[in-house]
K.L.:
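I'd like to ask some things about the structure below.
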Amino acid sequence: MALAVIVGVGGLGCPVAVSLADAGVDLRLVDDDVVELSNLQRQVLFRTADVGRDKVLVAARRLAERYPDLTIETRRARLDQAEAESLLGGADVVIDATDDPGARFIINDWALAHGVPAVIGGVHRFQGMVLAHAGRGPCLRCLFEEEGPALETCAQGGVLGAMAGLVGHLQAERALQILGGATLAATGFVTTLDGLAGRVRHVPLPDGCERCSGGRRALAA
Ligand SMILES: [Zn+2]
């Protein structure tokens, strides 16, 4: 059975987890947060009575009620460089559901280094994006060379719950495409979703940064 590691069990991680569990994928949930009242509008695995409890434990219990045959591991931890191997090791696909630029690059780079597919997602107000790689380029760094200045957090800027749901389910769908072997259909581009304009675009990624092409582009120049 395939194992998906979902980093972040919030507005993106909840729909990702439900969709992957629906498809019979074993899960490892990674998050160090507790449920807050303001989360409930978009974090569909949690209820009012869960406020103050560990997200990974509540989510795992709720998923286990519905999918008793799945293996659902929990790690109450925040992803950083030092912990990447112990938290992500063994994954068949890693899902970035953190909405944290730092964690997003750690996931991108760890997955490239280990040849493991990664599905990266982001959502901010009415905008969303999904980018997948199959353990090789093109990757997130082909689009953004490095972590930019911190954007507003969800708490500051706000996130439309429906946008988080759209992006999270799309991330799960991309992961299932890759696990099912339809890698070419799922990688090589970034999908942007504009909830106000009602527009979805698939934009091809440039040809490979130094990180994912092993410096091939630099050598060719
Ligand atoms: Zn790259």
Side-chain angles (χ1 to χ4, degrees), residues 2-8 12-13 16 20 25 28 30 78-124 127-151 153 164 166-194 199-221:
L3 172 68
V5 177
I6 302 175
V7 185
L12 299 177
V16 170
L20 291 180
V25 177
R28 181 185 303 153
V30 180
R78 177 169 288 268
L79 178 68
D80 60 23
Q81 202 74 57
E83 294 294 315
E85 186 61 38
S86 69
L87 294 175
L88 307 181
D92 295 298
V93 61
V94 181
I95 314 286
D96 158 51
T98 61
D99 231 6
D100 167 9
R104 189 171 290 158
F105 279 95
I106 292 172
I107 289 168
N108 181 74
D109 296 350
W110 183 92
L112 282 176
H114 294 78
V116 172
V119 184
I120 290 151
V123 64
H124 186 66
Q127 310 294 322
M129 70 91 129
V130 176
L131 184 159
H133 73 62
R136 54 186 184 274
C139 75
L140 179 68
R141 284 188 192 274
C142 299
L143 188 62
F144 305 110
E145 289 189 356
E146 55 194 46
E147 187 183 330
L151 298 171
T153 64
L166 268 176
V167 170
H169 287 297
L170 183 57
Q171 285 185 271
E173 202 268 345
R174 290 278 152 81
L176 293 171
Q177 279 181 290
I178 292 171
L179 291 173
T183 301
L184 282 180
T187 59
F189 57 92
V190 58
T191 299
T192 63
L193 302 93
D194 181 334
R199 187 183 301 133
V200 179
R201 299 168 67 218
H202 306 289
V203 182
L205 290 171
D207 228 3
C209 63
E210 289 196 24
R211 174 80 60 156
C212 67
S213 65
R216 243 182 296 135
R217 194 174 55 165
L219 289 174

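As the structure lists them, so they are numbered: ligands from 1, and atoms in each ligand from 1. Remember, it's a predicted structure, so these values are computed and weren't measured experimentally.
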K.L.:
Has the side chain of Gln171 got a donor or acceptor atom that lies under 3.5 Å from a matching backbone atom of Val119?
P.N.:
yes

K.L.:
Do you know how many protein N, O or S atoms are within a distance smaller than 2.8 Å of the Zn ion (ligand 1)?
P.N.:
4

K.L.:
Is the shortest heavy-atom distance from the side chain of Val93 to the side chain of Ile178 under 4.5 Å?
P.N.:
no

K.L.:
Run the side chain to side chain donor-acceptor pair (under 3.5 Å) test on His133 and Thr187 for me, step by step, so that the C-alpha distance in whole Å, both residues' side-chain angles and the decisive distance to 0.1 Å come before the verdict.
P.N.:
CA-CA 5 Å; His133 73 62; Thr187 59; over 6 Å; no

K.L.:
Between Asp109 and Arg141, does at least one N-O distance fall below 4.0 Å, as a salt bridge requires?
P.N.:
yes

K.L.:
Counting N and O atoms only, with roles assigned by atom type, does the side chain of Asp92 sit under 3.5 Å from a partner on the main chain of Ala2, one being a donor and the other an acceptor?
P.N.:
no

K.L.:
Given Leu87, which partner from the list Ile107, Val30, Val94, Val5 fulfils the side chain to side chain contact (heavy atoms under 4.5 Å, CB included) test?
P.N.:
Val30

